[in-house]
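Worksheet for the structure shown next.
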2 protein chains.
Amino acid sequence: MNGSHWLLEREQPRRRLDAHTVVSQAHILVHEGGAASLTMRPLAAALGTSTSALYRLVPSKQWLLVAIVDLVFGEVETSTAADVGDPRGRLEQLSTAMHDVLVLHPHLHEILASHVWVTPNTIRIAEIAFTSLREMGLDDPELLDAYNAWSGYVIGFSAIEAKPAENAPDRALQRAMRRQLEEMDPGAFPILTELMPDVADRAFGLPSRPRRSGESGSSFAWGLAALLDGVAARKRRRSRA
Amino acid sequence: MNGSHWLLEREQPRRRLDAHTVVSQAHILVHEGGAASLTMRPLAAALGTSTSALYRLVPSKQWLLVAIVDLVFGEVETSTAADVGDPRGRLEQLSTAMHDVLVLHPHLHEILASHVWVTPNTIRIAEIAFTSLREMGLDDPELLDAYNAWSGYVIGFSAIEAKPAENAPDRALQRAMRRQLEEMDPGAFPILTELMPDVADRAFGLPSRPRRSGESGSSFAWGLAALLDGVAARKRRRSRA
DNA sequence: ACCTGAACACCGTTCAAGT
DNA sequence: ACCTGAACACCGTTCAAGT
């Protein structure tokens, strides 16, 4: 059909590499081993090409990292949120969708913290959030405040929650931290002592046993509801004045 | 006095390097050039020693990064918070002190996102936060939820706010992001278009001009008040039931 | 036009060898 | 006992040279 020998029919069709394929493979490396394990030589090897060939498809490693952020935020399900008429419900739907994706990609936070990531998919999400907040009654000076509070909470909460997944580096260091909590002076730290070992597991990212998959123990929704309650009340207070 | 020649009197007293000095210098390098600029060879050079000599004082670069986190959190002023009788006021005081420090050390977030950081100073701060939240009426299952919401907000908000400071890497990439916002379709993104250029500057970390020092334009306090309002209301609701 | 190997200027960490 | 240089196994990126 395409001129290749019948013996080669089932082989990969030798199509040229494109930028999207490089980004996908880079994402896989980050997903499997963290941001530090994304390096150009193994990336090229995984794609069956030479390191220098990558630089005709992709300008730099920095570019690649931002492209991965866009790829992951592209997985955030926004169509169900769009159907919700109530703006508060829409924003909660969006937040949950973001949290779901960020929990599935815990290593993304390493990139988020060290790069500016204004990309098509993050812009798309921001527009939905701003629309919802305005419909909730927030306006000019407070609208930006509310957006910053919302995004800080969603990203920050997910980042702290995602940390346990990255338990690979330096076991000795983690053991030292855990011992610090276990040998804490109960007189100086009464509440922490009382809440151990729960607090190590669910707040400090030092689980004593590996998380079972699906078991997040997350209080994301609780805090989100609290924040949005407060935002709505704060706006009402102002419009009443 | 100490046997050294008078010509050497004003020179550094040749005291042996200790771990604390290494951590301090490492912190300076991170502060000045970001986490990526902390490398062992220049660190050794700045301390006037050999790279390999550092490894007798400090176990690894990872250890050094966690030590820097502890050093910075050690700067968080907690004594004024301790004086506040009202638990809500005490938590607000603590949060503000944390925000102040984190804004002064924007590069710390690169470390926070990729490491577990349970250290003496972060434990000290957590104990104060837990005490305040319990005195605000939160208890067993909700206490941890509330702590996670609070810490996610404080760290996450500060992280997003700190990003503009790291504008060093890849000007071309940042220009591409800014162009994306400037050439946005107003039909598809009405609110973002309306809020430009303010939204690029104050929400997305793409300031059109460098920040004047002291000018944070931060809505940290606004969002914190909203969150704590919501947390307090949520607890009241439960105890009434 | 497309891809390569080799090179440049770096990394973190170790260790035999010096004093 | 303390410190060093050199080495090991890596980095991101460039570029002359090949097909």
Side-chain angles (χ1 to χ4, degrees), chain A residues 12-23 25-30 32-69 107 110-111 114-115 166 168-174 176, chain B residues 12-23 25-30 32-69 107 110-111 114-115 166 168-174 176:
Chain A
Q12 55 196 356
R14 274 273 134 258
R15 60 171 160 61
R16 191 103 70 271
L17 276 179
D18 57 9
H20 185 264
T21 313
V22 177
V23 174
Q25 183 61 50
H27 169 52
I28 291 170
L29 293 184
V30 171
E32 288 173 351
S37 78
L38 169 58
T39 58
M40 301 307 267
R41 268 162 263 241
L43 175 62
L47 292 163
T49 187
S50 71
T51 311
S52 40
L54 294 177
Y55 283 85
R56 287 190 321 103
L57 303 166
V58 139
S60 69
K61 191 183 170 182
Q62 291 239 3
W63 184 95
L64 212 38
L65 290 168
V66 177
I68 289 171
V69 172
H107 295 292
E110 299 167 43
I111 307 174
S114 43
H115 294 78
E166 308 162 30
D170 219 324
R171 273 357 162 85
L173 210 51
Q174 295 219 29
Chain B
Q12 53 196 356
R14 272 273 135 257
R15 59 168 161 65
R16 191 103 72 268
L17 273 178
D18 57 7
H20 186 265
T21 313
V22 177
V23 174
Q25 183 62 49
H27 170 52
I28 291 171
L29 293 184
V30 170
E32 288 173 350
S37 78
L38 170 58
T39 56
M40 301 307 268
R41 267 163 263 242
L43 175 61
L47 292 164
T49 187
S50 71
T51 311
S52 41
L54 294 177
Y55 283 86
R56 287 190 322 104
L57 302 166
V58 138
S60 68
K61 190 183 169 181
Q62 291 238 4
W63 184 96
L64 213 38
L65 290 168
V66 177
I68 289 172
V69 172
H107 295 293
E110 300 166 43
I111 306 174
S114 42
H115 293 78
E166 307 163 32
D170 219 325
R171 276 351 163 88
L173 209 53
Q174 295 220 30

From D:dT13, D:dC15, D:dT4, nucleotide with atom closest to A:Ser52 side chain: D:dC15
Distance in Å, B:His20 NE2 paired with B:Gln25 CD, rounded so as to fall on 0.5 Å steps: 12.5 Å
For atom CG of A:Leu57 and atom C1' of C:dA1, their distance in whole Å: 13 Å
Given D:dT13, C:dT14, C:dG5, the nucleotide with the shortest approach to the side chain of B:Tyr55: C:dT14
Main-chain N/O of B:Ser114 paired to A:Glu110 side chain as donor or acceptor, under 3.5 Å: no
Minimum heavy-atom distance A:His107-A:Val30, with the two atoms named: CD2-O, 3.5 Å
Pair pattern of DNA chain C in dot-bracket, where unpaired bases get dots and | marks partners in another strand, Watson-Crick or G-U under 3.5 angstrom: ||.|||||...|||||.||
Those residues of residues 38-45 of chain A lying under 4.0 Å from DNA chain D by at least one heavy atom: A:Leu38, A:Thr39, A:Met40, A:Arg41, A:Pro42
Under the side-chain contact (heavy atoms from CB on, under 4.5 Å) test, residues paired with B:Thr39 that sit two or more places apart: B:Pro42
Heavy-atom pair with the smallest gap, counting every atom of B:Ala19 and B:Leu57: CB-O, 3.6 Å
Separation of D:dT14 P from A:Lys61 NZ (nearest whole Å): 15 Å
Touch class at under 4.0 angstrom, heavy-atom based, for B:Thr49 against every strand present: sugar-phosphate
Minimum-distance pair of heavy atoms, taken over all atoms of B:Ile111 and B:Ala35: CG1-CB, 4.4 Å
Euclidean distance for P, C:dA9 against D:dA9 (whole angstrom): 23 Å
Contact summary for A:Ser60 and A:Trp63, nearest pair of heavy atoms: OG-N, 3.2 Å
Sugar-phosphate only, base, or nothing, as touched by B:Thr51 at under 4.0 Å among non-hydrogen atoms: base
Whole angstrom value for the distance that separates P of D:dC11 from CG of A:Leu29: 11 Å
Where B:Ser37 and B:Leu29 come nearest, the two heavy atoms and their spacing: OG-O, 3.1 Å
Whole-Å distance separating the CG atom of B:Leu54 from the C1' atom of D:dG5: 15 Å
B:Met40 side chain near B:Leu54 side chain, heavy-atom distance below 4.5 Å: yes
